[in-house]
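As the structure lists them, so they are numbered: ligands from 1, and atoms in each ligand from 1. Owing to the predicted nature of the structure, the values given are computational and were not obtained by experimental measurement.
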Amino acid sequence: METKNKIFIFDTTLRDGEQAAGNHLNSAEKLEIARQICRLKIDVIEVGFPASSPEDFKAVQLISQEIDGPTICALSRAKKEDIDSCAEALKPAKKNRIHTGIGVSDIHMERKLHKSKEEILKIAVEAVKHAKQYTEDVEFYAEDATRADVKFLSDVLQAVIEAGATVVNIPDTTGYAMPELYGQLIQQLKKNVPNIDKAILSVHCHNDLGLAVANSLAGIRNGARQVECTINGIGERAGNTSLEEVIMGLLTRKDYFQIIPQIQIKELYRTSHLVAYAFGMNVPRNKAIVGSNAFSHSSGIHVDGVLKDRLTYEIINPEDIGFTQSKVILTARTGRHGLKHRLKELGYPPFSQERLEKVYDRFLEIADKKQMIYDEDLVSLMENELNTNVQTYSLDFFQVLSGTDAIPTATVKIKKMENGDETIIMESALGDGPVDAAYKAIDKALDFQVKLVDYNIRAVTSGGSALGEVMVSLSKDGKKVFDHGSSTDVVDASVRAYLDGINKLVIKLQPAD
Ligand code: KIV
Ligand code: ZN
């Protein structure tokens, strides 16, 4: 297939990324993230593996109904039932793709699948033919391709292209490849597979040796025309190819690659934040492109150079990827109109008057404590808006006492809403610290006990009045949720995160109707 200088960007954050994250998202959360990823104007978004669970099926179906723009893709094994499930979930999508495949390395065929080469080839062809009944756009993945026999891999690709595959994916499933060798493999396939011009070659790399981006770029340099990646590089084990890194690599070195990905890079920073937030996986400060230090200069020589000319030490303009050092600062005197206007400038879609009122109330609460509200604070505030759960429990007030000579003590007053009735519960508890005391008081107050699996805290902005963001992971009866809270007061943020997580668990544990 002639694609010359076009590169197709295939995002798999919601499939390969989500598959590995400790925190599994519900379909509403997946939809919210899909909307943001689509603002990047990527070509294909892989949103789940419908046969893996009813929740994943629902998410693929919902995104297929709601998202218009990129091709919506879903994954299946080379099994008829999986493919049928993909087809059903993808039905509402305007453009859809079924991504099916099977292991092709000796180790996968012998030890996992217990099948001969002939059997694998037959299964692969049948799977593609079956998928082809539902959609023109069928992608085939040759799992563990980088540890496979190249002759056999070529035969499989030839056969599946003959059967109708329009894209062939060469995954480095275990992150084993080296850039030069992976590039050579792509080149060999282009040369050896007689009908390769009828399909797009796709690269899909894992990061076990920290080479996923390098390998993907080597594949593209040698003729691959689709790259599969995830926001922040999240994914199985050490992760996948990071979308923002591969895109900025191509753009920054277009002199070398001669390929210009057509995506909205202005949305990269915000998308990275949203994904980090939703999955509870902080972006390391020094992460390329989207880490908070990625554009900070500290040594005297560098600062001097950048002040004279940014280009002395910066190869990317941070504003190009939406990394804004807040220029606009809002305060408690900013009215609804000003807030709405800034949110629009930051790229948020218009929302209802009711939602605006909710955001504005929270904005005022923070502005009263913090005086100056930066863009980063607004982003954090809006991320909390993702949480659209019905609130069974909500915080009325809390009070903590702590100090070097005091035993940390907390009192909480919580409203419980059940079948339209409101009950007020108040409890106090001692703890190892103010947050521990507050959590123990909440545990005493509620007839719903949860396990705190993980707790993380970070500052959203800098300075004494920085907004603190707390992320918690909670579990109960085998269900796990993740939530966050932000406030200028870390105990307040901790309590908000804990209660929101509990509300999520209440919903998750409700029997399905
Ligand atoms: O890494 C891999 O091999 C995959 C395939 C299922 C595409 O994710
Ligand atoms: Zn993968």
Identity and distance of the protein heavy atom lying nearest atom 3 (O) of ligand 1: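 For atom 3 (O) of ligand 1, the nearest protein heavy atom is T173 OG1, 2.7 Å.
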Protein heavy atom at shortest distance from atom 4 (C) of ligand 1: H204 NE2, 3.5 Å
Residues, nucleotides or ligands: over 12 heavy atoms within 6.0 Å of R310 CZ: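 Yes, the 6.0 Å shell around CZ holds more than 12 heavy atoms from other groups.
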Will you find, in the side chains of [X] and [Y], an N or O donor that is under 3.5 Å from an N or O acceptor?
X	Y	result
H130	D84	yes
S202	E228	yes
T173	Y141	no
D11	T13	yes
N240	T230	no
D82	S76	no

Determine whether the side chain, the backbone, both or neither of [X] has a heavy atom under 4.0 Å from any heavy atom of ligand 1.
X	result
N169	side chain
E139	neither
E236	neither
H206	side chain

Qualifying ring pair (Phe, Tyr, Trp, His ring centres under 6.0 Å) pairs, either residue in residues 47-92, two or more places apart: none
Matching residue for S154 among D149, I196, L189 - test: side-chain contact (heavy atoms from CB on, under 4.5 Å):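 The residue from D149, I196, L189 that satisfies side-chain contact (heavy atoms from CB on, under 4.5 Å) with S154 turns out to be L189.
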Test of proximity, H99 against ligand 1: N or O pairs below 3.5 Å: no
Looking at [X], which atoms of ligand 1 are within less than 4.0 Å of one of its heavy atoms?
X	value
D16	8 (O)
P171	2 (C), 3 (O)
E143	3 (O)

Closest to atom 5 (C) of ligand 1 among Y141, F140, F49 (heavy-atom distance):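 Looking at heavy atoms only, the winner is Y141.
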Close approach of R15 to ligand 1, heavy atoms, under 4.0 angstrom: yes
Under 3.5 Å donor-acceptor, N195 side chain and K198 backbone: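 Judged by distance alone, no pair lies under 3.5 Å.
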Any L157 side-chain heavy atom under 4.5 Å of I170 side chain: yes
Shell of protein N/O/S atoms around the Zn ion (ligand 2), taken as anything under 2.8 Å: D16 OD2, H204 NE2, H206 NE2
Over all atoms of both residues, closest heavy-atom pair of T241 and C229: O-CB, 3.1 Å
